[in-house]
S.K.: 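I'd like to ask some things about the structure below.
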Amino acid sequence: MIVHDFSKSKSILNHFVGELRDVTIQKDRMRFRKNLERIGEILGYELSKTLEYQTVNITTPLGSKLTELIIQQPVLCTILRAGLPLHQGMMNFFDQAETTFVSAFRHHPNSNKEFEIVVEYLATPSLQDKTLIISDPMLATGESLANVYEVLLSQGKPKKVHIVAAIGSKPGIDYIKTKLPENSELWIASVDDELDENKYIVPGLGDAGDLAFGKKLSK
């Protein structure tokens, strides 16, 4: 897997990630969602440089111009519910893309720290021979992404897989490297070193879904 870690260079992206982490700014739920959307736009733009293009002659009111146009829009997959703002940022740029929605959540069957990832809902077009982009703001253990990818394979094998995330952990990245195709690419705004005892990213930012949409009832 190729990892594109954008925290290694200075850009406005780092500013948006900093605001996501800031406990004071996090209180503004709309700004939290907007920053995730901005991150989706920036990472989507960077990712777009790797896609396939064709030269097309565009007619303008005053003449014509050879222009590089994308050959095939990707399929955008988001993991509900936390992935929605990041997904919106991707949709702002890939505005003709097909979309896959899938739910994945941590289920604690014994009401302790141990959990399993449950995938409950899937709505998707065929993925056969298409470019698939899976967006999820937090790549913690990597189990959600791996489980979602396995479920998606039932709807066709993509020719290329990209992962887009705001913040990830080194253990989570190491894990998905073993579960996704070798030529997959990860586009991530920042990488943290570790997970805590509850498998949350440290320092991370907390629960992205709750910060974006409000606290949920435990399931």
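The first residue of the sequence shown is numbered 1, and numbering continues consecutively from there.
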S.K.: With a 4.5 Å heavy-atom cut-off, do Asn57 and Lys65 have their side chains touching?
M.R.: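 Side chain of Asn57 against side chain of Lys65, heavy atoms only: no contact under 4.5 Å found.
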S.K.: Quick test of your reading: applying side chain to side chain donor-acceptor pair (under 3.5 Å), list the pairs with at least one residue in residues 69-86, sequence neighbours left out, ordered by first then second residue.
M.R.: Arg81-Asp210
S.K.: Considering only NZ, NE, NH1 and NH2 on the basic side and carboxylate oxygens on the acidic side, decide whether Glu19 and Arg31 come within less than 4.0 Å.
M.R.: yes
S.K.: Within the side chain of Lys130, is there an N or O that forms a donor-acceptor pair under 3.5 Å with the backbone of Ser126?
M.R.: yes
S.K.: What closest approach, in Å, do Gly168 and Ile188 show between heavy atoms, and which atom pair accounts for it?
M.R.: N-CD1, 3.3 Å
S.K.: Can you tell whether the side chains of Lys34 and Glu37 come within less than 4.0 Å, N to carboxylate O?
M.R.: yes
S.K.: Given the rule in the side-chain contact (heavy atoms from CB on, under 4.5 Å) test, do Leu20 and Ile25 qualify, once you have shown the distances and angles that lead to the verdict?
M.R.: CA-CA 7 Å; Leu20 285 181; Ile25 299 176; over 6 Å; no
S.K.: Could you label the plane-to-plane angle of the His162 and Trp187 rings as parallel, tilted or perpendicular, counting under 30° as parallel and over 60° as perpendicular?
M.R.: tilted
S.K.: List the atom of Pro85, the atom of Ala212, and the distance in Å for their closest heavy-atom pair.
M.R.: CG-CB, 4.3 Å
S.K.: Restricting to side chain to side chain donor-acceptor pair (under 3.5 Å), what partner residues turn up for Glu68, sequence neighbours left out?
M.R.: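 If we apply the side chain to side chain donor-acceptor pair (under 3.5 Å) test to Glu68, skipping adjacent residues, the hits are Thr55.
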S.K.: Rounded to the nearest 0.5 Å, what separation is found between the CG atom of Asn14 and the OG atom of Ser190?
M.R.: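 Nearest 0.5 Å value for the CG-OG distance: 7.5 Å.
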S.K.: Is there a path of hydrophobic side-chain contacts, each under 4.5 Å between heavy atoms of I, L, V, M, F, W or Y residues, that connects Leu36 with Leu186?
M.R.: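 Shared cluster, no.
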S.K.: Pick from Leu86, Ile39, Ile134: which one makes a side-chain contact (heavy atoms from CB on, under 4.5 Å) with Val164?
M.R.: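 The option that passes is Leu86.
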S.K.: Could you tell me which non-hydrogen atom of Ala146 sits nearest to which non-hydrogen atom of Leu180, and how far apart they are?
M.R.: CA-CD1, 4.5 Å
S.K.: Do the side chains of Ile167 and Leu47 join up, straight or via other hydrophobic residues, at under 4.5 Å, putting them in one cluster?
M.R.: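 Ile167 and Leu47: one cluster.
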S.K.: Would you say Lys8 has more than 12 foreign heavy atoms packed within less than 6.0 Å of its NZ?
M.R.: no
S.K.: Using 0.5 Å steps for rounding, measure from the CD1 atom of Ile42 to the CZ atom of Phe93.
M.R.: 8.0 Å
S.K.: Hey, are Lys159 and Asp129 close enough for a salt bridge, meaning a charged N less than 4.0 Å from a carboxylate O?
M.R.: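 Judged by the 4.0 Å cut-off on N to carboxylate O distance, Lys159 and Asp129 do not form a salt bridge.
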S.K.: Does a side chain donor of either His4 or Glu185 reach within less than 3.5 Å of an acceptor in the other side chain?
M.R.: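 There is such a pair (donor and acceptor under 3.5 Å, judged by atom type) between the side chains of His4 and Glu185.
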S.K.: Are Gln96 and Ile70 packed together at the side-chain level, in the sense that at least one heavy-atom pair is separated by less than 4.5 angstrom?
M.R.: no
S.K.: Closest approach of Pro125 and Thr100, non-hydrogen atoms and distance?
M.R.: CD-OG1, 3.5 Å
S.K.: Phe101 and Ile79: side-chain contact (heavy atoms from CB on, under 4.5 Å), yes or no, with the steps?
M.R.: CA-CA 6 Å; Phe101 292 102; Ile79 301 177; over 6 Å; no
S.K.: Linking I/L/V/M/F/W/Y whenever their side-chain heavy atoms sit closer than 4.5 Å, directly or via other members, would Val75 and Leu122 fall into one cluster?
M.R.: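 Same hydrophobic cluster.
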S.K.: Are the side chains of Arg29 and Phe213 in contact, using a 4.5 Å heavy-atom criterion?
M.R.: no
S.K.: If you apply the rule side-chain contact (heavy atoms from CB on, under 4.5 Å), what do you find for Ile176 with Met1, and how did you get there?
M.R.: CA-CA 9 Å; Ile176 64 170; Met1 173 179 283; 3.9 Å; yes
S.K.: Any side-chain heavy atom of Leu51 sitting closer than 4.5 Å to one from Phe94?
M.R.: yes
S.K.: Do side-chain atoms of Glu52 reach the backbone of Ile71 as a donor and acceptor pair under 3.5 angstrom?
M.R.: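 The answer is no, because no donor-acceptor pair under 3.5 Å joins these two groups.
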S.K.: Could you check whether any side-chain N or O of Asp136 sits under 3.5 Å from a backbone N or O of Gly83, counting only pairs where one atom can act as donor and the other as acceptor?
M.R.: no
S.K.: Could you check whether Asp22 and Gln26, counting side-chain N and O atoms only, form a donor-acceptor pair closer than 3.5 Å?
M.R.: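 Side-chain D/A pair, Gln26 to Asp22: absent.
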S.K.: Please step through side chain to side chain donor-acceptor pair (under 3.5 Å) for the pair Glu143 and Asn147, ending with a clear verdict.
M.R.: CA-CA 6 Å; Glu143 292 181 42; Asn147 286 18; 5.7 Å; no
S.K.: Please name the pair of heavy atoms, one in Val102 and one in Cys77, separated by the smallest distance, quoted to 0.1 Å.
M.R.: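 Smallest interatomic distance, heavy atoms only, reads CG1-SG, 3.8 Å.
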S.K.: Just verifying a value: how many Å separate Phe6 CZ and Glu46 CD, rounded to the nearest 0.5 Å?
M.R.: 4.5 Å
S.K.: Is any side-chain heavy atom of Asp28 less than 4.5 Å from a side-chain heavy atom of Met30?
M.R.: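 Contact flag for Asp28/Met30 side chains = yes.
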S.K.: Heavy-atom count check: over 12 atoms from other residues, nucleotides or ligands less than 6.0 Å from Tyr53 OH?
M.R.: yes
S.K.: I'd like to check Lys160 versus Asn183 (side-chain heavy atoms, cut-off strictly below 4.5 Å). Are they in contact?
M.R.: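 Of all side-chain heavy-atom pairs linking Asn183 with Lys160, at least one is under 4.5 Å.
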S.K.: Report whether Val151 and Leu153 are members of the same hydrophobic cluster (ILVMFWY, side-chain heavy atoms less than 4.5 Å apart, transitive linking).
M.R.: yes
S.K.: Could you check if a side-chain atom of Asn92 sits within less than 4.5 angstrom of a side-chain atom of Asp95, using non-hydrogen atoms only?
M.R.: no
S.K.: Quick one, Lys179 and Tyr149 - any side-chain contact, counting heavy atoms below 4.5 Å?
M.R.: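 Result no, sub-4.5 Å side-chain heavy-atom pair not found.
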S.K.: Is it true that Leu205 and Val202 fall in one hydrophobic cluster, defined by side-chain heavy atoms closer than 4.5 Å?
M.R.: no
S.K.: Please check: side-chain N/O of Arg21 versus main-chain N/O of Gly204, any donor-acceptor pairing under 3.5 Å?
M.R.: yes
S.K.: Applying side-chain contact (heavy atoms from CB on, under 4.5 Å) to Leu76 and Glu98, what does each step give before you reach the verdict?
M.R.: CA-CA 6 Å; Leu76 303 181; Glu98 296 179 297; over 6 Å; no
S.K.: Just by distance, do the side chain of Ser103 and the backbone of Tyr121 share a donor-acceptor pair under 3.5 Å?
M.R.: yes
S.K.: Heavy atoms only: give me the nearest Leu43-Ala189 pair and the separation to one decimal.
M.R.: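 So the minimum-distance heavy-atom pair works out to CD1-N, 4.2 Å.
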S.K.: If you count the non-hydrogen atoms of other residues, nucleotides and ligands that lie under 6.0 Å from CD in Glu182, is the total more than 12?
M.R.: no
S.K.: Donor-acceptor pair, Asn198 side chain versus Tyr200 backbone, under 3.5 Å?
M.R.: no
